Amino acid sequence: MIAAAWARVQGWLALVGATLAALGAAYLAGRRDGRDARHAEAAREEQRTRRAADAAAREAERDGAAERLRRGDF
């Protein structure tokens with residue numbers, strides 16, 4: 001009697017364990033995808049910032065701002 005009950009309980013435990021494993025794998029995959037998306041967005045933002053800084057530096061060189069700063073004439 002106890003052996004039959006234990007065999008039935010083991011089947012249910014295996015089902016619950018498989019379900020929890022599948023949910024855990026889906027959760028971890030979602031976290032990984034979210035983290036990858038955040039890293040990609042941060043890289044895009046960094047590139048936008050660098051391009052804006054490069055453009056500002058080119059504009060400053062064109063206006064002679066660097067030379068005025070060296071001389072101290074504002």
Side-chain angles (χ1 to χ4, degrees):
M1 170 95 173
I2 293 176
W6 180 242
R8 186 174 292 207
V9 168
Q10 283 180 332
W12 284 103
L13 287 176
L15 179 64
V16 169
T19 302
L20 289 176
L23 289 173
Y27 172 75
L28 292 176
R31 284 182 51 96
R32 182 180 58 244
D33 290 346
R35 184 176 55 245
D36 292 346
R38 284 194 314 271
H39 287 173
E41 180 57 34
R44 284 191 292 273
E45 182 63 31
E46 180 183 3
Q47 288 301 316
R48 282 193 289 269
T49 302
R50 286 178 188 235
R51 285 188 198 110
D54 289 345
R58 282 191 299 273
E59 184 66 30
E61 286 295 324
R62 224 181 341 239
D63 292 345
E67 188 57 38
R68 288 194 310 271
L69 285 172
R70 283 188 200 101
R71 288 192 313 254
D73 321 344
F74 301 106

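Residue numbers run from 1 in the order of the sequence given. What you see is a predicted model; the values in this text were computed from it and never measured.
- Using a 4.0 Å cut-off between charged nitrogen and carboxylate oxygen, Arg38 and Glu41 do not count as a salt-bridge pair.
- When each of Arg51, Glu45, Arg44 is checked for a side-chain contact (heavy atoms from CB on, under 4.5 Å) with Gln47, only Arg51 meets the rule.
- Summarising the geometry, atom CG belonging to Asp33 is positioned 11.0 Å from atom CG belonging to Leu28; distances are rounded to the nearest 0.5 Å.
- For CZ of Arg31, the number of neighbouring non-hydrogen atoms (other residues, nucleotides, ligands) closer than 6.0 Å is 12 at most.
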